[in-house]
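Since the structure comes first, as structure tokens, the remarks are kept for the end.
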Amino acid sequence: MGRSERKCTRSPTTCFEPAENLVNRTNNCGPVPRANLGSMTTNSVHPSKPVRVRLAPSPTGALHVGTLRTAIYNWVLARQTGGQFLLRIEDTDQERLVPGSIEQIQESLRWLGLEWDEGPGKDGPHGPYIQSERLQIYQAATKRLLDSSLAYECDCSPERLTMLRERQKAQGLPPGYDNRCRSRPGEELRESRERGVPIVVRLKSPGHGDVTFRDAVRGDITFDSSKIQDFVIMKSDGFPTYHLAHVVDDHEMRITHVLRGDEWIPTSPLHVLIHRALGYEVPVYVHLPLLLGKDKTKLSKRHGAASALEYRDLGYLPDAVFNFLALLGWSPGEDIEIMSREEIVRRFTLDRVNDSPAVFDSEKLEWMNGVYIRQMPLDALTDDIMPWLEKAITPPWNRVQRPIDRTRVRALIPMIQERLKRLAEAPDLLAIFFEEEVMPDRNSIIQKGMDVAATTKALTEAHALAKSTQPFEPEPLEIVFRALAEQLGIKPGQLFGSIRVAITARSVAPPLFHTMSGLGRDRVITRLDKAIRTLESAP
RNA sequence: GGCCCGUUCGUCUAGUGGCCAAGGACGCUGCCCUCUCAAGGCAGAGAUCGCGGGUUCGAAUCCCGCACGGGCUACCA
């Protein structure tokens with residue numbers, strides 16, 4: 001786990017390029033060890049002061065569960081240290097915008113209970129929090145870079161760039177920009193601009209030396225600057241690239257810790273370069289391991305549900321999803337898994353964030369969701385289940401009068417609570433209590449070791465008892481029906497099984513006598529009656 | 001191709017040089033409970049700690065090499 005830097009190249013000492021100050025200032029070969037984690041004191045990478053962290057999704061569609069996990073860690077860190085959690089929308093790619101994304105992102109976060117302290121819909125001192133509304137800020141930063149010759153304009157066409165890359169590839173060279181415009185005279189660019197040729201701005205890469213940055217999860221990571229191209233920071237449409245925009249914003253918004261996915265590690269040195277060029281302090285990076293699907297490739301729609309709201313719509317509880325996601329890439333270091341938000345906030349440390357990718361195991365999520373459902377107080381569960389019933393349209397729900405009788409539902413829920421894994425299953429589990437009529441399969445009514453005659457007799461007796469038993473409650477019912485089984489000389493299971501199928505048309509249901517009282521005497525009698533007639537009719 | 005990151009039961013993980021012939025959880029199997037299903041209890045199968053070298057009295061833990069997997073290599077983020 002803890003690793004210090006693994007690569008150290010000496011920085012040349014003489015160079016007068018303007019970009020020189022972008023190279024590591026010191027001969028940065030001294031490893032900075034990542035936390036001495038034995039005791040939680042000294043070197044820990046975990047922040048002790050209030051952090052300012054942010055979630056910076058692009059409005060290109062649904063909020064991915066991976067992003068959701070990043071959001072959780074952000075939120076936890078902010079809550080734990082008394083800092084702030086910001087939401088910032090990174091919409092610098094105008095072509096990929098998907099209408100409604102921002103609302104969906106907000107809804108996802110709210111569903112999980114991750115309120116942001118600053119962001120869209122919640123103004124703060126560093127707004128606006130949508131990048132397309134901050135264009136002047138990026139343009140000003142770009143101008144500063146241009147004025148100090150740390151960046152330059154480039155009018156190379158996409159066609160030329162593509163050709164260049166293809167040629168380099170064909171020659172087995174690493175693809176990259178050839179710095180053609182780095183030293184072009186200003187007049188040429190002016191001329192291009194007048195002709196309406198699209199112009200971008202590129203940052204000058206130092207071209208030599210190392211760039212090192214600190215990652216809270218992996219220790220120091222060093223890159224060889226000579227591999228870094230003069231990359232684009234301002235696009236020809238006047239929008240900044242992600243690289244420029246997020247660096248400027250993170251600085252303007254006083255971000256202390258940048259939590260993001262693993263896939264950003266290779267471009268991190270670019271970000272460090274921009275920080276240096278602009279004279280900003282570099283934040284602490286926290287690169288989180290990827291979330292994978294069952295096939296061990298990056299989790300995506302292909303793997304089934306991948307967006308936050310889909311999990312809500314599948315009937316998962318926010319607390320369970322929060323708990324589950326928090327554990328994907330982090331562990332408290334003890335053998336405990338079920339933890340409240342408060343407990344996670346209390347125990348979370350960056351030191352214990354994993355560095356290897358995790359497979360999203362939906363079976364375990366399902367189990368955990370069941371644990372949370374079982375822990376819920378009756379009224380809270382009822383509140384959560386009611387909307388699912390109200391919106392259910394499959395039979396029998398399409399015929400049940402609205403609003404649905406909450407008192408009745410509340411009385412039935414104890415019967416399904418420990419059988420429920422997801423809220424979405426509630427309508428199906430409760431359906432037997434709302435069906436006006438059931439159509440039990442003739443053969444299913446007849447239990448193992450029984451025949452038509454014996455079953456008919458048993459149900460006829462049961463029918464009589466159902467009429468007479470007072471009160472129609474689980475305990476008295478159980479007493480008389482057990483006695484009936486004995487009197488009939490059959491096993492309780494045989495009797496109960498027949499009755500179960502007769503009154504529910506299912507072989508699986510909550511305990512029989514609870515089911516019966518939940519159904520009510522009238523319905524039980526009617527259904528028993530119908531089952532007997534079914535048995536008597538020709539096979 | 002180049003650069004980067006990773007590698008402990010099927011999966012999530014514990015492990016920070018001796019307490020590890022590797023612990024917990026999900027899943028799986030069996031048993032118990034039991035009117036079915038769940039829930040619960042108990043038991044079990046399941047990891048030569050990716051491979052090979054080294055350091056050390058001692059390595060899952062430290063070092064080196066390799067293999068494999070993934071990511072990046074855009075005027076996308």
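Reckoned from all heavy atoms, side chains included, excluding hydrogens, waters and symmetry mates. In what follows, every chain begins at residue 1, and chains take the letters A, B, ... in the order their sequences are listed.
Here the two rings, on A/Phe513 and A/Phe496, have centers that are under 6.0 Å apart.
Between A/Lys296 and B/U11, a side-chain N or O to OP1/OP2 separation shorter than 4.0 Å is present. Contact annotation: A/Ser507 side-chain N/O to B/U36 OP1/OP2 distance is not under 4.0 Å. Between A/Asn354 and B/U13 there is a side-chain N or O to OP1 or OP2 distance below 4.0 Å. A/Thr241 has no side-chain polar atom (N or O) that falls below the 4.0 Å cut-off from OP1 or OP2 of B/A77.
Following rounding to the nearest Å, A/Tyr285 (OH) and B/G71 (P) show an atom-to-atom distance of 22 Å. Summarising the geometry, the separation between CD on A/Glu159 and C1' on B/C75 is reported as 12 Å, rounded to the nearest angstrom. Between A/Ile416 atom CD1 and B/U36 atom C1' the separation is 17 Å, expressed in whole Å. A/Glu95 places its CD atom 9 Å from the C1' atom of B/C75, with the value rounded to the nearest Å. Per the geometry, CD belonging to A/Glu334 stands 17 Å off P belonging to B/U13, to the nearest Å. Rounded to whole Å, atom P of B/A39 lies 14 Å from atom CD of A/Gln375. Residue A/Phe513 contributes atom CZ, which lies 13 Å from atom C1' of B/U34 at whole-angstrom precision. Following rounding to the nearest Å, A/Arg482 (CZ) and B/U36 (P) show an atom-to-atom distance of 10 Å.
No side-chain donor-acceptor contact under 3.5 Å links A/Arg165 to the backbone of A/Pro175. When atom types are taken as modelled, the side chain of A/Asn369 and the backbone of A/Val321 share no donor-acceptor pair closer than 3.5 angstrom.
A/His271 pairs in a ring pair (Phe, Tyr, Trp, His ring centres under 6.0 Å) with only one of the listed residues (A/Phe213, A/Phe223, A/Tyr285, A/Tyr242), which is A/Tyr242. Among A/Arg160, A/Gln168, A/Arg167, the single residue meeting the side chain to side chain donor-acceptor pair (under 3.5 Å) criterion with A/Asp178 is A/Arg160.
Candidate nucleotides B/C37, B/A14, B/A77 were compared by shortest atom distance to the side chain of A/His243, and B/A77 ranks first. For A/Pro511, the side-chain atoms get nearest to B/C35 when compared with the rest of B/C5, B/A77, B/C35. The side chain of A/Phe496 lies closest to B/C35 when the candidates are B/U13, B/C35, B/G1.
Backbone-only contact: A/Gly493 has heavy atoms under 4.0 Å from sugar-phosphate atoms and none from a base. A/Leu327 comes within contact range of the sugar-phosphate backbone alone, with a heavy-atom separation under 4.0 Å but no base atom that close. Counting non-hydrogen atoms under 4.0 angstrom, A/Gly370 reaches nothing in the nucleic acid. Residue-level contact check: A/Thr92 touches the backbone only, with heavy atoms under 4.0 Å from sugar-phosphate atoms and none from bases. Residue contacts shown for A/Arg165 are limited to sugar-phosphate atoms, with no base heavy atom under 4.0 Å away. Residue-level contact check: A/Pro158 touches the bases, meaning some heavy atom is under 4.0 Å from a base atom.
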Reading nucleotides 42-50 of chain B from 5' to 3' and marking B where a protein heavy atom lies under 4.0 Å of the base, S where only the sugar-phosphate is that close, and - otherwise, the string is ---------
I'd like to compare against my own output: the B/S/- annotation of nucleotides 22-31 of chain B with a strict under-4.0 Å heavy-atom distance to protein. -BBBBS----
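We find the OH-CG distance between A/Tyr177 and A/Leu164 to be 8.5 Å, quoted to the nearest 0.5 Å. Atom CD of A/Glu363 and atom NZ of A/Lys294 lie 6.0 Å apart (nearest 0.5 Å).
Comparing B/U48 with B/C32, their P atoms sit 33 Å apart, to the nearest whole Å.
A/His514 NE2: 12 or fewer foreign heavy atoms inside a 6.0 Å radius.
For a distance-only test at 3.5 Å, the side chain of A/Arg218 fails to qualify as a donor-acceptor partner of the base of B/C5.
RNA chain B is contacted by A/Lys227, A/Val232, A/Lys235, A/Ser236 of residues 226-237 of chain A, taking any non-hydrogen atom closer than 4.0 Å.
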